[in-house]
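Working notes, beginning with the structure itself.
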Number of protein chains: 2
Amino acid sequence: MKKKISLRVIRRISFYYEALLKLNLPENTYISSRKLEEVTGVSCNQVRQDFFYLGISIGKQKKGYLVKKLFKELKKILSIDHSSKVIIIGAGRIGQALSNYKLFKDRNIMVTALFDIKKELVGTEIGKPGQKKPILHIDGLETYLMENPDIKIALLTVPEEAAQETLDKLIGHGIRGVVNFAPKILKVPKETREIQLINDCIGTSLYKIVYQLYSKK
Amino acid sequence: MKKKISLRVIRRISFYYEALLKLNLPENTYISSRKLEEVTGVSCNQVRQDFFYLGISIGKQKKGYLVKKLFKELKKILSIDHSSKVIIIGAGRIGQALSNYKLFKDRNIMVTALFDIKKELVGTEIGKPGQKKPILHIDGLETYLMENPDIKIALLTVPEEAAQETLDKLIGHGIRGVVNFAPKILKVPKETREIQLINDCIGTSLYKIVYQLYSKK
DNA sequence: ACTATTAATTTTAACTTAAACAATATCACG
DNA sequence: CGTGATATTGTTTAAGTTAAAATTAATAGT
């Protein structure tokens, strides 16, 4: 029985992983919790506690964690030690930006196709040579998913008017996890259980920053 | 002395606010905590506790909260009862998408200009007629901010290679709050205190969804 | 061998959410 | 028009979760 890890911890773990990517240290060197604090902003105490909690006790006193080992452990926890395929629904600016997002490689996440309804987009490809992805019509979604049953994740970047309806359609066609980028909070229908939805609405954090800045006193 | 509100509460408050926007109810009708749960996914207990905590005790038994009053209270808490001006650094796909983001209006947040270094972009305008925003060269940033001292917030959508450097520059020129959309965790220099930075890196939530979906068991 | 640094672990405190419950206003109904 | 049932709030209390701090142990370097 595996311990449940909260999304908050997962987020920090992803920070540590990103830090390793960013620093690009040789695999046989060490990185300390202090250094991780410096790069990620997460306190070294928290770093160690996270590692302890997760059963990562691979540190060496006075040196830190072996980069190679740490990479491996973090990947395992994040479930990015194997490759995941995703599709993007909506080939507008956000969708295209996401599909071009080069770091997907380091995270073992692959965009296989984009879907849209705009005539001028459907049938074209986007991306750099060698990693082009087709833009397909959304009517072909069901067929596509039947032919590619290992695709369980969709990134939703359609206009907000169409967002909820599209989400429902995705779920109906077997998608199990969705990140919603449309500026509108979506909900999964009650009946359908076990669907993972993250509302990562663009602009949400504006509220936070405005609050922090202007609510003072 | 004002009570400190955590960002987590602020996020929920913004959900309630978004729910009101979405439902678009007449101002003189009522909305219950149950209904808010239905729309936002936040439990009605939590809703009531939030309101209690924040001193919003405007509910009527058996009916709920008067939409008009609730709007007013939420706006006040979120500090969007007055207008805030922001600039966008990076006029690429994400930056353009953000600048077109129509909901800014309802949130009293205005994009006044975009900045970039690309020759083909600088000097042009984007946006629908009547709300066009200029794209300026980033070299003009300092001057622009001196002429518009009420702009304290920047949205950062530059490529990740330039992100940290650009953030430092922004801070140097008096920007006080930044939302970073580049796929890289940034940090504010230690010396500079009181700068609000939110790393809202595009793609961060992919880790979460992948974990939730593939780590099962 | 001593010192300083760092990890592992435990303890404590803070924060967050959930649950419970009393109070009250509205509505249905006779 | 009165009355009772009920929905819904305001408030408190408890539980659960998360983060911080403190402590212990180990090891590298001098």
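A quick note: this is a predicted structure, and the numbers were derived from the prediction, not measured.
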So, is [X] close to the [N] phosphate, meaning a side-chain N or O under 4.0 Å from OP1 or OP2?
X       : N      : answer
A:Arg12 : D:dT18 : no
A:Ser57 : C:dA7  : no
B:Ser32 : D:dA7  : no
B:Ser33 : D:dT8  : no
B:Arg48 : D:dG10 : no
B:Lys60 : D:dT9  : no

How long is the line joining [atom1] of [X] and [atom2] of [N], in whole Å?
X       : N      : atom1 : atom2 : value
B:Leu70 : D:dT9  : CG    : C1'   : 13 Å
A:Lys63 : C:dA7  : NZ    : P     : 12 Å
A:Leu7  : D:dT17 : CG    : C1'   : 14 Å
B:Glu37 : C:dA19 : CD    : C1'   : 13 Å
A:Asp50 : D:dA21 : CG    : C1'   : 15 Å
A:Phe52 : D:dA20 : CZ    : C1'   : 15 Å
A:Ile58 : D:dT27 : CD1   : P     : 16 Å
A:Ile31 : C:dT6  : CD1   : C1'   : 14 Å

Would you say the base of [N] and the side-chain of [X] have a donor-acceptor pair closer than 3.5 Å?
X       : N      : result
A:Gln61 : D:dA28 : no
A:Lys62 : C:dT5  : no
A:Gln46 : D:dA19 : no

Which residue, A:Gln49 or B:Gln49, contacts DNA chain D at a nucleotide closer to its 5' end, judged by nearest heavy atom?
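Taking each residue's closest nucleotide, the earlier one in sequence belongs to B:Gln49.
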Reckon B:Tyr65 touches a base, only the sugar-phosphate, or nothing at all at heavy-atom distances under 4.0 Å?
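Contact class for B:Tyr65: sugar-phosphate only.
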Could you tell me whether the side chains of [X] and [Y] share a donor-acceptor contact shorter than 3.5 Å?
X        : Y        : result
A:Gln164 : A:Asp168 : yes
A:Gln46  : A:Asp50  : yes
A:Tyr101 : A:Arg107 : yes
A:Tyr207 : B:Ser79  : no

CZ on A:Phe181 to CD1 on A:Ile202, rounded to 0.5 Å:
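It is 6.5 Å, given to the nearest 0.5 Å.
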